[in-house]
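This structure is a prediction, so every number in the text was calculated from the model and none was measured.
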Amino acid sequence: MAERDRLEAERRAERDRLEAESRAERTKERERLDAEWRAERARLDAERSERDRLEAERRAERTKERERLDAEHKRVEAEKWAEHNRLEAEKWAEHDRVQAERRAAYMLKEAERNRMEAEKWAEYDRVQAERRQEFLRADAERRAEFEKRLDARCAHIEQTGTAIKADMKDLKKTVIITAITATMATVFGVAAFNATLLSGMITSFESGKSATRAPGGKTFFRIPIGRAIELTPTLDAIAPR
């Protein structure tokens, strides 16, 4: 019985020792594993920190490179636009210069054309003035000749009337002679009026012949400087004095 208790006590002691050793080993293994896990975790944290640092550096480098490329692109664009604006300015300056030269040439040509046109119209006015003066002179001569003949005829009529009146003996002869004289005076008055009217029509016709057509298609009529139609007071010239 004592032996069995002793053995039981030894087994219990051995079991306690083994359990204590097992707990010690488990504790030690757990501590080792915890240490390794903490070390691994620290390593992973260090790697993550290094990775974050490298990522931050790469991000900073990419940002810096992008900013550099953007600045370079802006510089190239600015140079391109400056060159474009310079070429545009040169092109418009050349265009303005060509337009100014064309305008100056056109103004010179227009001035020359106006000068030639003015000389042509001056020559035309001179010729027309000479023709008008010649026509007026010829018309004055015709009128003077006509008035001279008319005065001679009126004087002849007056002389004839005076002779007839001197030879009249009675009222019947006087009435007949007076009627004949009045009829003749009327006839000669109508003839004088017709001659005057014909002369005015000739004047208007000669003035109308001076109408010209300009190169642009418009027709200009030169107003004659001559006088209007004058009606000769034929009755006063024909009536007996």
Between CZ on residue R66 and CZ on residue R59, distance to nearest 0.5 Å: 10.5 Å
Nearest-0.5 Å distance, CH2 of residue W81 to CD of residue E88: 9.0 Å
Salt bridge (charged side-chain N to carboxylate O under 4.0 Å, His left out) evaluation trace for E134 with R131: CA-CA 5 Å; E134 183 67 22; R131 290 179 180 177; over 6 Å; no
Ionic contact status for R97 with E101, cut-off 4.0 Å: yes
Test: R143 and D139 ion pair at under 4.0 Å: yes
Sole candidate of E57, E67, E55 that passes salt bridge (Lys or Arg N to Asp or Glu O under 4.0 Å) when paired with R62: E55
Full working for salt bridge (charged side-chain N to carboxylate O under 4.0 Å, His left out) between R75 and E79: CA-CA 6 Å; R75 185 182 64 79; E79 292 178 355; 2.7 Å; yes
Basic-acidic side-chain contact under 4.0 Å: R86, E83: yes
Separation of R68 CZ from E61 CD (nearest 0.5 Å): 12.0 Å
Where R48 and D45 come nearest, the two heavy atoms and their spacing: NH1-OD1, 2.7 Å
Evaluation steps, salt bridge (charged side-chain N to carboxylate O under 4.0 Å, His left out), between E94 and K91: CA-CA 5 Å; E94 182 67 18; K91 182 176 72 175; over 6 Å; no
Pair R115 + E112, salt bridge at N-O below 4.0 Å: yes
Neighbour count above 12 (heavy atom, 6.0 Å) for R53 CZ: yes
CA sep, side-chain torsions, deciding dist, call: R113, E110, side-chain contact (heavy atoms from CB on, under 4.5 Å): CA-CA 5 Å; R113 190 177 67 83; E110 191 69 16; 2.5 Å; yes
Separation of D70 CG from E77 CD (nearest 0.5 Å): 11.5 Å
SB check R126 E130 (cutoff 4.0 Å): yes
Test side-chain contact (heavy atoms from CB on, under 4.5 Å) applied to H95 and Q99, step by step: CA-CA 6 Å; H95 177 268; Q99 290 295 326; 3.5 Å; yes
Check: L18 main-chain N/O paired with S22 side-chain donor or acceptor under 3.5 Å: no
Separation of D151 CG from R153 CZ (nearest 0.5 Å): 11.5 Å
